[in-house]
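In this text the structure is predicted, and so the values were computed from the model without any measurement. Residue numbers begin at 1 in each chain, while the letters A, B, ... track the order of the sequences.
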Amino acid sequence: MNYVALRMLVGDRLKYIALVAGVAFAALLITQQSSIFNGFAQQTGAWIRDTAVADLWVMDEQVQFSEDFKRMPDTALGRVRGIEGVAWAVPMYKSYVACRLPDGTLVQVRVIGLDDTTLAGGPPEMVEGELGDLRRDRAVLMNIDQAGGDLRLGRGKGRPLRVGDHISLNDNNAVVVGSYRATREFFWDPVLYTTYSRALSWAPRERKSLTYVLVKVAQGHAHADVARRIEQVTGLAAHTNVEFERKTMWELITRTGILVNFGVTIALGFVIGVLVAGQTFYTFVLDNVRHFAALKAMGTSDGTILRMLCIQVVTVAGIGYGLGLGAACVTGALFARGGLAFQMSWEIPVCGALAVLACCLAAGFLGMLRVLRIEPAVVFKG
Amino acid sequence: MVAVNDNIAVKCSGVTKTYGTGDARVTALRGVELEVRAGELMMLVGPSGCGKTTLISVIAGILEQDEGECRLFGHDLKHMPQRQRTRYRGKTVGFVFQAFNLLPTLTAAENVAVPLLVNGVSRRDAMDQARAELKKVSLDDRWNSLPSQLSGGQQQRVAIARALVHDPKLIVCDEPTSSLDHQTGHRVMELMRDVAMDEGRSLIIVTHDARIFEFADRIAKMDDGQIEKVVDSPKEL
């Protein structure tokens, strides 16, 4: 009877296509929007992951996310270094600075100052030059992807910024000595790396100057234990990479309303999926009530009828989901070329499949109830 | 132990059936007494609403009577567990419906194969048997046609083939000729008599169509939920 169920389903081409299209559309919405949401969420912690040279991040306790620059006194570095379990600790400065490109174009950039001695916490992959080039006079490193984007001359219409170009940071001369490649971030302002002392000299004067302390935990000590010890002794916040990444992600998601917006879209996908697939499937069942009644009269058990309906639901859900997922992947690849965040981790197709199957089963459930309640005697009613 | 009289296919005693409640209560059957012999073609006739369809539904085990007893080849279907009753019905009863009730998305052969599939026959064997059955009703060249590609008479022949394919002992037909013109209806009845009236197989046909009464071995006339009389010839009605 499985064969009969499938023939009943695909025999009515228009309804079959409408059913599959409804599910595919719902699947597309669910997986695509979830992947974009995931992409954004992953981007919020991209810089933290790229800077994973250390085990702990120490910061002012009021810092909510990675770009929330609340500074600590310079003395914090010495106090952290003195805590048991700390193998080494280096300072890091991060701030917004006004940058004038060679042709006078003014852009806002983020300057990251690395420890002068170790240059720890630098970019993950150098494209031109070396990290050590930062020791050259007035040197900065630029992001190669941003060089052709926000750092393009002529207010975005001229040539890309190049290695060797002279720029001005808060009216201080600087020279681009190399370029690097980093994971795309949620924040769009260009990032320039330089040394800690140079960054301080270019930045506006402030009483406190230390943004982060990067800490390497000594062997034999648990990261969480050392973090709690730092917090107790200094009164600062200390997070592991994962903790800081999650804190940043959660703060940005809730602060920007992204969670709500995507949640609404994903919920809308569910509702549309349920309504379209549900209504079409229910209509399909209603149209076939007489035939199901005839099958029951001819000796088909309720269990077999249920199995037939389940096969129809699972088939529609499977094909519709496959098409929707495929469409999500194609649009994702196209969007990704345009720079849109799109990251489909394995959980999304799995959870999406369960969600779509649940949608289809819920929709099919009403139809099943109707079919189970049919008296086979209705087949004799003209 | 079921007492089976080999000559009796159906025996109904005091069968009563009521639909609805309160003011909407309608008594469809009022103590029906009826016997259908094995190998007999019995027609149930009577005015609309007299209970013919309700009676064949009870006889075929797709509707439960409120009171009385109805035995099919000695089996009391009312007191059979539902699952067993459904299985028994699938093996023992063949149906021919007024509106044919062919599945529109299945070919003629696939429609005929349905009762075999219901009874657990493999698809390949079921299709082979279905095509053989279609040959008996002279539709072997249309086995791959959809119902919509067949005429009314051809659809009814497919429905007859479907009712016969699993070799049931009883076939119940509800107005099998009402959707057909006189000539086609006559041919369908000839076919039923020739193909369906196998040894020991019984047919119960509900009909309004007086032109086919001549095919009946006996005719039971119903009125107001009761069997008024059972006669051997249409002339006696």
Heavy-atom pair count under 4.5 Å with chain A, highest-scoring of B/K91, B/H166, B/R162: B/R162

Check: B/T105 side chain, A/R7 main-chain N or O, donor-acceptor pair, under 3.5 Å: yes

B/R85 portion near chain A, given a 4.5 angstrom heavy-atom threshold: neither

B/Q149 atom CD: more than 12 heavy-atom contacts under 6.0 Å: yes

Members of residues 109-125 of chain B whose heavy atoms come closer than 4.5 Å to chain A: B/E110, B/V114, B/P115, B/L117, B/V118, B/R123

A/L14 atom CG, neighbour heavy-atom count above 12 within 6.0 Å: no

Contact summary for B/L103 and A/H291, nearest pair of heavy atoms: CD2-CB, 3.1 Å

Neighbour count >12 (heavy atoms, 6.0 Å) for atom CD, B/Q82: no

Closest contact, heavy atoms only, B/F95 versus A/A297: CE1-O, 3.0 Å

Proximal component of B/V172, with respect to chain A [non-hydrogen, under 4.5 Å]: side chain

Atom CZ of A/F40 with >12 non-hydrogen neighbours under 6.0 angstrom: yes

Other residues, nucleotides, ligands: >12 heavy atoms within 6.0 Å of A/R307 CZ: yes

Neighbour count above 12 (heavy atom, 6.0 Å) for B/R87 CZ: no

Separation of A/K296 NZ from B/I62 CD1 (nearest 0.5 Å): 11.0 Å

Proximal component of A/T304, with respect to chain B [non-hydrogen, under 4.5 Å]: neither

A/D302 portion near chain B, given a 4.5 angstrom heavy-atom threshold: side chain

Toward chain A, the part of B/E175 with a non-hydrogen atom under 4.5 Å: neither

Side-chain donor/acceptor of B/R83 to backbone N/O of A/S301, under 3.5 Å: no

